[in-house]
Amino acid sequence: MNVLIIGSGGREHAFAWKIAQSPLCGQLYVAPGNAGTAQVATNVALGDDFAAVADFCHQRQIGLLLVGPEAPLVAGLVDHLRADPRLAPMGIIGPPQAGAQLEGSKDFAKQFMQRHGIPTARYQSFTLATLDQGLAYLGHHPLPVVLKADGLAAGKGVLIVTDHQEARQRLRQMLEEALFGPASATVVVEQFLAGIELSVFVLTDGQHYCILPAAKDYKRVGEGDTGLNTGGMGAVSPVPFADAAFMEKVENRIVKPTLAGLRAEGIPYVGFIFIGLMNVQGEPYVIEYNVRMGDPETEVVVPRLQSDLLELLHLTAQGRLAEATLQVDPRTATTIMLVSGGYPGGFAKGKPMTGWPQLTEVLPFHAGTVAHGDQVLTNGGRVLALTALAPSLPEALARANAAAQTIDFEGKYYRRDIGFDL
Ligand code: AMP
Ligand code: GLY
């Protein structure tokens with residue numbers, strides 16, 4: 001079976017690395033990919049043009065399309081491809097636009113959770129037309145209070161504010177001055193949940209589901225979880241506090257009602273649902289839904305899958321997920337993300353990376369990299385995810401940290417404290 005993966009990050013390299021090992025895999029393409037995906041697949045430049053993707057899938061007889069990032073899902077790529085009769089036999093992992101709203105609109109996601117009784121923080125949404133009500137609502141809201149841009153904002157549209165004056169000022173900026181562009185035309189004002197976060201991943205064919213290993217992501221740029229939010233500086237799987245009792249609550253209170261809700265609303269959802277959870281004294285609450293796998297969580301989840309991922313995805317696309325079995329490596333995986341100095345603000349690109357020959361005992365998943373002759377150059381903020389698997393978390397961390405020292409490039413930065421809170 002020929003496979004096309006859309007995306008260019010560490011998540012897509014991890015997918016490609018795993019799928020390339022499947023005996024079911026024919027030609028494997030990644031669009032646009034990076035220097036790492038080029039080692040296990042053929043990179044192709046298709047851009048954001050849905051018609052170009054459709055033509056490519058037809059011409060190369062793609063049997064399975066896996067959409068990595070959220071943007072094409074929210075923009076309706078899957079609906080476009082499903083409407084193309086040439087592509088009727090192609091399996092697609094990724095929801096239609098109606099399902100992608102779970103990530104594309106936080107207001108939609110909150111209303112969905114309310115309709116289906118799914119535990120989440122209390123909230124109200126406001127627009128410019130209801131700014132005055134919003135300001136009044138904030139006036140007596142318990143602190144801290146969370147302000148979220150409704151739309152996609154690359155993880156940057158969330159503000160946690162600790163005084164009423166600032167909260168009102170921020171709401172004005174988001175609504176009157178488009179602080180996060182069109183994404184903040186609607187603002188969700190939410191109760192702050194104090195707890196520890198984790199990510200739970202569900203793969204569903206619309207009827208059946210399987211829960212993949214949980215992971216914990218480290219989003220802040222600074223050690224000790226300080227500084228600006230990033231796309232993710234590292235991850236760990238499994239998550240020690242996500243024990244059987246906790247996961248049973250997650251499954252019964254969140255996973256099942258979410259999938260039943262999608263069915264009840266007539267949304268045919270085939271793909272991943274990434275549930276961002278807060279563990280509040282042992283009780284799970286949904287912070288957010290994403291309609292794809294996480295990055296860098298994929299770089300710790302996929303290496304723990306012993307099952308054939310392509311077979312799993314193929315069965316999912318065919319509505320036969322019930323026939324699949326999931327084998328998971330009991331070892332701990334951790335990944336450390338090397339980033340370009342300055343990220344998540346401005347940073348330089350095009351820096352040569354060295355240290356590859358000395359790299360042992362880790363899986364290097366490329367994110368922002370590009371091949372240039374024999375060299376690999378940095379090409380983004382998040383550059384390389386170094387994943388180690390070991391019997392214990394300290395051993396996995398030691399290996400990943402050693403590898404993080406080995407690879408070098410000008411301006412390299414990484415967090416040395418991934419997993420510090422576990
Ligand atoms: P989101 O984009 O919704 O995942 O929010 C980004 C980050 O903000 C989350 O990963 C949390 O760390 C934090 N956050 C969001 N909502 C809340 C909340 N209600 N209570 C506490 N922290 C939150
Ligand atoms: N690591 C968080 C995300 O993928 O959204």
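All ligand and atom numbering here is 1-based and tracks the order in the structure. Here the structure is a predicted model, which means the values were calculated and not measured.
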Q | Sidechain N-carboxylate O distance under 4.0 Å for Glu288, Lys148 | A | no
Q | Close-contact set for ligand 2 against Phe274 heavy atoms, below 4.0 Å | A | 3 (C), 4 (O), 5 (O)
(Q) Within the 4.0 Å heavy-atom shell around Glu297, which atoms of ligand 2 are there? (A) 1 (N), 2 (C), 4 (O)
Q) Tell me: protein heavy atom nearest atom 5 (O) of ligand 2, and distance? A) Arg292 NH2, 2.9 Å
Q: Could you list the atoms of ligand 1 found under 4.0 angstrom from a heavy atom of Met278?
A: 21 (C), 22 (N)
Q. Below 4.0 Å from any atom of ligand 2, is there a heavy atom belonging to Gly231?
A. yes
Q | Protein contact to atom 2 (C) of ligand 2 [nearest heavy atom, distance to 0.1 Å] | A | Asp217 OD2, 3.4 Å
Q | Trace of the side chain to side chain contact (heavy atoms under 4.5 Å, CB included) decision for Phe409 with Leu384 | A | CA-CA 11 Å; Phe409 55 87; Leu384 189 69; 5.8 Å; no
Q. Does the ring of Phe347 carry Lys349 above it, NZ/CZ under 6.0 angstrom from centre and within 45° of its axis?
A. no
Q. Which one holds for Leu193 and ligand 1: side chain close, backbone close, both close, or neither close, with close meaning a heavy atom under 4.0 Å?
A. both
Q) Between Arg170 and Phe126, is NZ or CZ placed under 6.0 angstrom from the six-membered ring centre and within 45° of the ring axis? A) no
Q. Has Arg416 got its NZ or CZ under 6.0 Å from the middle of the six-membered ring of Tyr414, at an angle within 45 degrees of the ring axis?
A. yes
Q: Could you tell me the separation between the CD atom of Gln173 and the OG atom of Ser184, rounded to the nearest 0.5 Å?
A: 10.0 Å
**Q.** Options Ile287, Leu277, Leu152, ranked by nearest heavy atom to atom 17 (C) of ligand 1, top entry
**A.** Ile287
(Q) Please compare Lys219, Arg220, Lys148, Lys106 and report which has the shortest non-hydrogen distance to atom 2 (O) of ligand 1. (A) Lys106
Q: Pull out every atom of ligand 2 sitting under 4.0 Å from any heavy atom of Gly294, numbered as shown with elements.
A: 4 (O)
**Q.** Proximal candidate to atom 5 (O) of ligand 1 [heavy atom criterion; set Val280, Val158, Val146]
**A.** Val158
Q. Considering Ile160, Val145, Asp217, Val286, which one's heavy-atom position lies nearest to atom 13 (C) of ligand 1?
A. Ile160
Q: Tell me, please: is Gly232 in heavy-atom contact with ligand 2, that is, under 4.0 Å?
A: no
